[in-house]
Amino acid sequence: MSKPVSVASALDLSKPPAIEGFALLPKHSEEGFQDKLIRKTKENPFVPVGMLGTAGALTYGLIAFKQGKTRQSQLLMRTRIFAQGFTVVAILVGVVATAMKRKEK
């Protein structure tokens, strides 16, 4: 059973709430955008690959559509859907892998 919480402590925003079974991740010291991008890419390299594949298929498909190449445009839009699916699966695998790492510790 959980402890009773007073109204004053529930509204205190100076510290995060205590949630049973939940631990905060350590903050990376003043990490810039580029450093964070490199770290996240190393943690799960398939997500950026899927994102680039999605963007490339979309761009090339739109160019083909504008040029009137409807068959090629349709094929590239299907490729884009596949790349989006790949990206979603990569994200889910990364989430599961991260959860498994935390349980081992």
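For the numbers below, each heavy atom of this structure counts, side chains included, while hydrogens, waters and symmetry mates do not.
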What's the spacing between [X] [atom1] and [Y] [atom2] if we round to 0.5 Å?
X	Y	atom1	atom2	value
Y60	L62	OH	CG	12.5 Å
Q72	I63	CD	CD1	10.0 Å
I81	L76	CD1	CG	12.0 Å

TODO: Answer yes if I91 and M51 sit in the same cluster of Ile, Leu, Val, Met, Phe, Trp and Tyr residues linked by side chain heavy atoms under 4.5 Å apart, and no otherwise.
DONE: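 I91 clusters together with M51.
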Which pair of non-hydrogen atoms, one from [X] and one from [Y], has the smallest distance, and what is that distance?
X	Y	answer
G53	A83	C-CB, 3.9 Å
A90	N44	O-ND2, 2.9 Å
F86	F46	CE2-O, 3.5 Å
G61	S73	O-OG, 3.3 Å

Task: Within 6.0 angstrom of M77 CE, more than 12 heavy atoms from elsewhere - done: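 Yes, because the 6.0 Å sphere around CE of M77 holds more than 12 heavy atoms from other groups.
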Open item on the list: Around atom CD of Q34, are there more than 12 heavy atoms from other residues, nucleotides or ligands closer than 6.0 Å?
Closed with: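 No.
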Task: Derivation and outcome, side-chain contact (heavy atoms from CB on, under 4.5 Å), residues R39 and K36 - done: CA-CA 5 Å; R39 180 177 57 82; K36 185 174 183 177; 3.9 Å; yes
Open item on the list: If we ignore hydrogens and angles and just use 3.5 Å, is the side chain of T41 paired with the main-chain N or O of L37 as donor and acceptor?
Closed with: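 Looks like yes, one N/O pair under 3.5 Å.
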